[in-house]
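Being a predicted model, the structure only gives us computed values, none of them experimental.
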Amino acid sequence: MKKIKTITCHEVYNYGASLQEYALLKFLNNNGYDASVIHYKPPYLSGHFNLWSVSPRFDKPLLKQLYLLAKLPGRLKALKKKKNFDAFHQKYIPTDKTLYQSNDELKRNLPEADVFICGSDQIWNSFFQNGKDPAFYLNFVPDDKKKISYAASFAIDELEEEVKPLVKENVERMHAVGVRETSGVRILNELGIDNVVQVLDPVFLLDKEHWQEFVQPINEDYILVYDFDSNPLIKEIALSLKKEKGWKIYTLNQNIDYADENFWLEGPEKFLSLVSQSQINLTNSFHSVAFSIIFEKEFIVVNRQEKINTRMRDITNLFHTNNLIDSYESYTKLESIDYGVINKYVEKSKKLSKEFLLNSLSTE
């Protein structure tokens, strides 16, 4: 049985990151491979739920004590979220026991595998440190081992000049290159890398029926708000729908203060339950959009005023959903989503994505 190691942003306590990691491993193991994720935790991805971290401007004896006293109750409460995510990871994500914290450590003690896969999600986003980390470009893997990227995302439209040599040098070494966005194809083409295929996020590799196995019933009509930016347009639409329809507002974001119920401490199963049974999803999250499409739900995507908005634009264009908005006026002109049409695009892309991955694994 061919052994596969994947590498991604691991244990970062984000719904989309955890579910895409699970989905890729599940698909590979369902297809007869022995797949597990490398337990890669560099320092910049290891500070989650640190009870004792202090902002540099408060790092003086008295100020530090006052700062920690103020922060500690909320941080202790947040440990429930960590517990729920850790339980999901332990149960569903096969992970190597060896902990690695740098690309050099991976080189010195190479994980045992026939094939290495980097992806998915924003592993190549140089807006963050992971996009500048050679480990996420499989730099540690020797030339005699097969190297594949699957649905790796830059999540931005343009690379900074300083990171281009890192990207070009390492991606050129890969045997097969699959990226998640059309913008990723263009970025690599501009670097002279032509053998690039656009593929879907791993969550689309598993069908709707599989994801429904995680869902627990919710006996109430509600609007789901998943909004990282406290976007005033999302708030306006949510409150308008609540007044018009009588639906409650649910959220998974700690920063949303107008919701009737807030589930920000819950794990990935709750995310799937909430997305799958909502009346409508209001969001600026890529994976909230992805699962809305998988569960065939009404959803509205509001533009994010930052570089990583590329992801939402590309997925809505790919599936011809036409519901990425930036004003209340454009919201009032939206029509219901026709999944009879959209699913044709989804199924075509799913077929191509699966063929790319399985063919890349089977060919020498």
Side-chain angles (χ1 to χ4, degrees), residues 2-14 16-29 31 33-46 48 85 88-90 92-155 163 166-167 169-180 184 188 196 199 201-203 205 287 353 356-357 360-361:
K2 189 174 288 186
K3 183 175 287 189
I4 300 173
K5 298 297 182 190
T6 66
I7 187 168
T8 190
C9 295
H10 178 63
E11 292 181 355
V12 291
Y13 302 98
N14 173 277
S18 296
L19 291 169
Q20 65 82 19
E21 180 180 26
Y22 161 78
L24 180 56
L25 292 167
K26 185 66 175 177
F27 178 79
L28 293 170
N29 286 314
N31 280 275
Y33 295 98
D34 177 11
S36 59
V37 66
I38 297 170
H39 192 35
Y40 184 58
K41 298 282 288 184
Y44 64 85
L45 289 179
S46 301
H48 301 88
F85 269 80
F88 179 87
H89 293 156
Q90 185 174 1
Y92 295 113
I93 298 178
T95 305
D96 279 4
K97 292 182 179 179
T98 303
L99 172 65
Y100 297 91
Q101 295 183 299
S102 71
N103 185 63
D104 286 339
E105 285 187 8
L106 285 161
K107 281 185 175 180
R108 288 196 299 267
N109 183 23
L110 185 70
E112 183 184 347
D114 303 297
V115 182
F116 292 85
I117 301 177
C118 59
S120 167
D121 216 12
Q122 300 180 61
I123 57 167
W124 292 352
N125 185 352
S126 56
F127 187 68
F128 303 113
Q129 185 61 34
N130 45 269
K132 302 173 183 178
D133 186 341
F136 286 117
Y137 298 91
L138 301 180
N139 174 271
F140 61 92
V141 182
D143 289 336
D144 61 347
K145 295 285 187 178
K146 180 173 284 190
K147 297 169 287 296
I148 299 169
S149 75
Y150 182 81
S153 173
F154 292 101
V163 80
L166 169 74
V167 175
E169 177 185 346
N170 287 287
V171 176
E172 280 183 333
R173 296 176 62 238
M174 295 182 187
H175 297 85
V177 183
V179 296
R180 198 173 66 182
L188 292 176
V196 186
V199 294
D201 188 273
V203 299
L205 297 175
H287 281 102
S353 299
F356 164 82
L357 183 54
S360 298
L361 290 168

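Leu28 is listed as a side-chain neighbour of Leu361, based on a closest heavy-atom distance under 4.5 Å. Counting heavy atoms from C-beta outward, Pro111 and Leu106 have side chains that approach closer than 4.5 Å. Under the 4.5 Å side-chain criterion, counting only non-hydrogen atoms from C-beta, Ser149 is not in contact with Tyr137. Contact check for Pro202 versus Phe27: no side-chain heavy atoms found under the 4.5 Å cut-off.
By the 4.0 Å N-to-carboxylate-O rule, Arg173 lies close enough to Asp143 to be salt-bridged with it.
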Where do Phe140 and Ile38 land on the side-chain contact (heavy atoms from CB on, under 4.5 Å) test, with the steps shown first?
CA-CA 12 Å; Phe140 61 92; Ile38 297 170; 3.9 Å; yes
Between Cys118 and Ile123, is the side-chain contact (heavy atoms from CB on, under 4.5 Å) condition met? List the steps.
CA-CA 8 Å; Cys118 59; Ile123 57 167; 3.9 Å; yes
Assess the residue pair Asn31 and Leu357 against the criterion (side-chain contact (heavy atoms from CB on, under 4.5 Å)); give the C-alpha distance rounded to whole Å, side-chain angles, the decisive distance to 0.1 Å, and a yes or no.
CA-CA 11 Å; Asn31 280 275; Leu357 183 54; over 6 Å; no
Test log, rule side-chain contact (heavy atoms from CB on, under 4.5 Å), inputs Ser18 and Tyr92
CA-CA 10 Å; Ser18 296; Tyr92 295 113; over 6 Å; no
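Judged purely by atom type and a 3.5 angstrom limit, Lys146 has no side-chain atom pairing as donor or acceptor with the backbone of His175. In this structure a side-chain-to-backbone donor-acceptor pair under 3.5 Å is missing from Asp96 to Thr98.
Between the OG atom in Ser120 and the OH atom in Tyr150 there is a gap of 7.5 Å [rounded to 0.5 Å]. Rounded to the nearest 0.5 Å, atoms CG (Asp114) and OH (Tyr33) are 10.5 Å apart. The structure places NZ of Lys41 at 7.0 Å from NE2 of His39, a figure rounded to the nearest 0.5 Å. With values rounded to the nearest 0.5 angstrom, Glu11 atom CD is found 10.5 Å from Leu45 atom CG. With rounding to the nearest 0.5 Å, the separation of CD1 in Ile117 from CD1 in Ile7 is 12.0 Å. Note: Lys147 NZ to Met174 CE = 8.5 Å, rounded to the nearest 0.5 Å.
Between His10 and Glu21, the side chains place a donor N or O and an acceptor N or O closer than 3.5 Å (distance only, hydrogens not considered).
Here Phe136 and Tyr40 bring their ring centres to under 6.0 angstrom of each other.
Relative orientation of the His89 and Phe85 rings is perpendicular, given thresholds of 30° and 60° on the angle between their planes.
Heavy atoms only, all atoms of each residue included: Ile148 and Leu138 are closest at O-CD1, 3.7 Å. Pairing each heavy atom of Val203 with each of His287, the nearest pair is CG1-CD2, 4.1 Å. The shortest non-hydrogen separation linking Arg180 to Ser153 is NH2-OG, 3.5 Å. Taking every heavy atom of both residues into account, Asn109 and Tyr100 meet most closely at O-OH, 2.7 Å. Across all their heavy atoms, Tyr44 and Asn130 have their closest contact at OH-CA, 3.4 Å. When all heavy atoms are compared, the tightest approach of Asn170 to Leu166 is ND2-O, 2.8 Å.
Checking Thr8, Asp121, Asp201 one by one against Gln20, the side chain to side chain donor-acceptor pair (under 3.5 Å) holds for a single residue, Thr8.
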